[in-house]
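Worth saying up front: this structure is predicted, and the values here are computed from it rather than measured. Hydrogens, waters and symmetry mates are skipped; everything else that's a heavy atom, side chains included, is used. Note on naming: letters A, B, ... go to the chains in the order of the sequence lines (proteins, then strands), and numbering restarts at 1 for each one.
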Protein chains: 2
Amino acid sequence: MSSKKNNNISSRSMGRVTLSDVAEKAGVSPITASRALKNPQQVSEKLRTKIYDAVNELGYIPNHAARSLASSETKIISVIFPSLSNAVFPDLLDGIHDTLTPAGYRILLANTHYESDQEEILVRTLLEQSPDGIIVTGIDQNERTQKLLLGAKTPVVQIMELTDSPIDMNVGFSHFQASYDLVRHLQNAGYQKIGFIGARMDPRSQRRMEGYKHAMQDNNISNDNYVLTSQSHTSFKLGAKLFNQLFTQHPELEAICFSNDDLAAGAIFECNRRGISVPKDISIAGFNDLPFAEELTPPLTTVSIPLYEMGKKAAEYLLHKIVNRSHPTPRQHDVSYKIIERKSTYSHLT
Amino acid sequence: MSSKKNNNISSRSMGRVTLSDVAEKAGVSPITASRALKNPQQVSEKLRTKIYDAVNELGYIPNHAARSLASSETKIISVIFPSLSNAVFPDLLDGIHDTLTPAGYRILLANTHYESDQEEILVRTLLEQSPDGIIVTGIDQNERTQKLLLGAKTPVVQIMELTDSPIDMNVGFSHFQASYDLVRHLQNAGYQKIGFIGARMDPRSQRRMEGYKHAMQDNNISNDNYVLTSQSHTSFKLGAKLFNQLFTQHPELEAICFSNDDLAAGAIFECNRRGISVPKDISIAGFNDLPFAEELTPPLTTVSIPLYEMGKKAAEYLLHKIVNRSHPTPRQHDVSYKIIERKSTYSHLT
DNA sequence: CTGCCATTTGACAGCGCTATCATTTATGGT
DNA sequence: ACCATAAATGATAGCGCTGTCAAATGGCAG
């Protein structure tokens, strides 16, 4: 009765319930059972019911590896982030997840810890899964990584930043422009001596710093001594430390832009502890508009990024290319940003 | 020259470079090439070099699906979390990731958004990948989910909480006990009228509330009116709102325990805004010891959880079972917790 | 009742890799 | 030199599923 190999379960098969078992139980051929699951409308209702019953009775669970091998579709999207502890990435991931999961895709996640060698290794191992799409962070993949990605002929979205020559597709915003705009905004509000504090100095932090520098130059008040950076990992404590360092050295500073909200919040906490009044004694601005930004005392002026939307858009771009076999036009999407002015800066106006 | 099918590339194969191509180029049989990649020490150095050269020259990337199908090993671990925006999970995930990635495993991530029907669906789809292991959050999987998990004969770790009857393995700590201890600690410090504020009220929040209630009962000063919960999603704003509600109604309260740091921080922010002195007018305690807890004004008394370690341990348990085909003894690991006393509570002592 | 089309079902082969077992070649002790 | 043992290589046969194409079935006009 049962298929020839069922009698002596081989060590390889592990006794798993297969589609053939289901088909046999339902009295149809395996291929019909397959269709009943993948394209139900192609199978008469009578057989379909029988097959579904058999599936439930046997507790059949499809084998994804076999399906992928046969159809060269994996329904897997690989996502490579530089970090998870940085709160922007969980938000981004949520957007990606909520778009892909309903479409039947699963997410394979990897974390480079901001090391670009890691990125190459991870891209390589993730490509072994032949994912149907890949999302990578930033636009600074090294050449070999780019070649790998290109060679895989898999849809790719570079996320977070904007580039004129995407590997494939691109969803993000200009960190340079955002930072530039923020500084110009402060300048228009009357600030002149503005400092910059950054940590980790990954490519995006770098570009924010460049935005700051250009804005200062364009206003003819650039001063390299007003810039302080650290290679250390971002934290509240580091924000406090760097703030103390820069502000002690340059008490003439009127405002400081931080490369992210965590550092800025650390500085505000420190000011509260030391009795330095923000924004009267010093104004402070952050970047990202994390949830705590508006809760600080004083609330933090910062740049808001539509992270969840960015994740959604990136996922949609992938799905578009998977379905239509060609990317949406344009292949680049600018999600933009918004300068959020709060009490940590606007004293000079009044 | 080339293998029989190479001439007319079939529509299915998509012209991918296969192991046979590598073998042919290196002048060996496919199986030897396979070994050179998986168990290099089994192949003579001479052939190994040839094979590696061929791999590089052709840009060969192994097909994971084929490997899984043939070996019934997927090198995939599925992780199911209820949320990513809750900051505890990224930390946990980092610990998992950093343990599994060096061991050659990849992470398939899914997010239930705290919906238990979602959990069942996700478990089902993730099982289709035949993961080599699964990590699920909490111990309250519904019966069908448990059966699925059990039937899959895959190593499973339930994480975050402790249970006497794990599906397979269990790494976590007792939320009940942690909360109980925190309240007893406050009582020992002289507090009597202690309130509790909770949100989202997932199983872990529930158990923390139970811990609070039992500690109050054991001290014979239990009062149901001192408990306020909401089904809404946790946020700073909600913490502030619930705090206002409870404290207005019960100004006699001396301390309030919050089900997590976010709510507690929201309350502290609100107190700062309203000029309520913490801990003089009201003491506040949180849960989780997120990075911002010690930076608040005043710093927050809370319960510290070794999240990264918990993730690591869970991953190690999986690896142990995968390698040894039996779970570590004991199959349960208590990562414990630590009560962190900070300025938001200890005024009564002095 | 025949013939034509659309719909439903099935047979076959193969996706790319590895477990298993058989075979060949090198190693070393007497 | 011999044979016993170990190490290196290969042939075969699937893993579980689906693409492709062929066969069977049903419906209906003439």
Interatomic distance where [atom1] belongs to [X] and [atom2] belongs to [N] [whole Å]:
X: A:Asn63; N: D:dG16; atom1: CG; atom2: P; answer: 7 Å
X: A:Lys75; N: D:dC17; atom1: NZ; atom2: P; answer: 17 Å
X: A:Leu19; N: C:dC15; atom1: CG; atom2: P; answer: 20 Å
X: A:His64; N: C:dC17; atom1: NE2; atom2: P; answer: 16 Å
X: B:Arg67; N: D:dG16; atom1: CZ; atom2: C1'; answer: 18 Å
X: A:Asp21; N: D:dG16; atom1: CG; atom2: P; answer: 9 Å
X: A:Leu69; N: C:dG16; atom1: CG; atom2: P; answer: 7 Å

Not counting sequence neighbours, list each pair that qualifies as a salt bridge (Lys or Arg N to Asp or Glu O under 4.0 Å) and has a residue in residues 52-72 of chain A. A:Lys25-A:Glu57
Test of understanding: with side chain to side chain contact (heavy atoms under 4.5 Å, CB included), list the residues that count as partners of [X], not counting sequence neighbours.
X: B:Ala152; result: B:Leu127, B:Thr154
X: A:Lys312; result: A:Thr99, A:Tyr308, A:Glu309, A:Glu316
X: B:Asp164; result: none

End axis versus end axis in the helix from C:dC1-D:dG30 to C:dT30-D:dA1, the angle rounded to 10°, five pairs used at each terminus: 30°
Quick one: ring-ring contact (aromatic ring centres under 6.0 Å, His included) partners of B:Tyr317, sequence neighbours excluded? none
Partner residues of B:Tyr60 under the ring-ring contact (aromatic ring centres under 6.0 Å, His included) criterion, sequence neighbours left out: none
Taking atom CZ of B:Arg124 as the centre, report whether more than 12 heavy atoms of other residues, nucleotides or ligands fall under 6.0 Å from it. no
Minimum side-chain heavy-atom gap A:Leu109-A:Phe81 below 4.5 Å: yes
Compare all side-chain heavy atoms of A:Leu108 with those of A:Ile77 and state whether any distance is below 4.5 angstrom. no
Those residues that, when tested against A:Lys50, pass salt bridge (Lys or Arg N to Asp or Glu O under 4.0 Å) (two or more places apart): none
According to the interplanar angle, ranging from 0 to 90°, do the rings of A:His113 and B:His97 count as parallel (below 30°), tilted (30 to 60°) or perpendicular (above 60°)? perpendicular
Counting only non-hydrogen atoms, which of residues 30-49 of chain A are less than 4.0 Å from DNA chain D? A:Ile31, A:Ser34, A:Lys38
Any residue of residues 52-62 of chain B with a heavy atom less than 4.0 Å from an atom of DNA chain D: none
Identified side chain to side chain contact (heavy atoms under 4.5 Å, CB included) partner of B:Leu100 from the options B:Ile107, B:Val79, B:Ile76: B:Ile107
For nucleotides 5-7 of chain C, give me every protein contact, N/O to N/O, under 3.5 Å, one pair per line with atom names.
none

With a cut-off of less than 4.0 Å, is there a side-chain N or O of A:Ser29 near OP1 or OP2 of C:dG10? yes
All N/O donor-acceptor pairs, side-chain side in residues 130-142 of chain A, below 3.5 Å, sequence neighbours left out:
{"residue": "A:Ser130", "atom": "OG", "partner": "B:Arg16", "partner atom": "NH2", "Å": "2.9"}
{"residue": "A:Asp132", "atom": "OD1", "partner": "A:Thr74", "partner atom": "N", "Å": "3.1"}
{"residue": "A:Asp132", "atom": "OD1", "partner": "A:Thr74", "partner atom": "OG1", "Å": "3.2"}
{"residue": "A:Asp132", "atom": "OD2", "partner": "A:Thr74", "partner atom": "N", "Å": "3.3"}
{"residue": "A:Asp132", "atom": "OD2", "partner": "A:Lys75", "partner atom": "N", "Å": "2.6"}
{"residue": "A:Thr137", "atom": "OG1", "partner": "A:Ile80", "partner atom": "O", "Å": "2.7"}
{"residue": "A:Asp140", "atom": "OD1", "partner": "A:Arg207", "partner atom": "NH2", "Å": "3.0"}
{"residue": "A:Asp140", "atom": "OD2", "partner": "A:Arg207", "partner atom": "NH1", "Å": "3.2"}
{"residue": "A:Asp140", "atom": "OD2", "partner": "A:Arg207", "partner atom": "NH2", "Å": "3.4"}
{"residue": "A:Gln141", "atom": "OE1", "partner": "A:Gln158", "partner atom": "NE2", "Å": "2.9"}
{"residue": "A:Gln141", "atom": "NE2", "partner": "A:Thr137", "partner atom": "O", "Å": "3.3"}
{"residue": "A:Gln141", "atom": "NE2", "partner": "A:Gly138", "partner atom": "O", "Å": "3.1"}
{"residue": "A:Asn142", "atom": "OD1", "partner": "A:Arg144", "partner atom": "N", "Å": "3.1"}
{"residue": "A:Asn142", "atom": "OD1", "partner": "A:Thr145", "partner atom": "N", "Å": "2.8"}
{"residue": "A:Asn142", "atom": "OD1", "partner": "A:Thr145", "partner atom": "OG1", "Å": "2.8"}
{"residue": "A:Asn142", "atom": "ND2", "partner": "A:Glu120", "partner atom": "OE1", "Å": "3.3"}

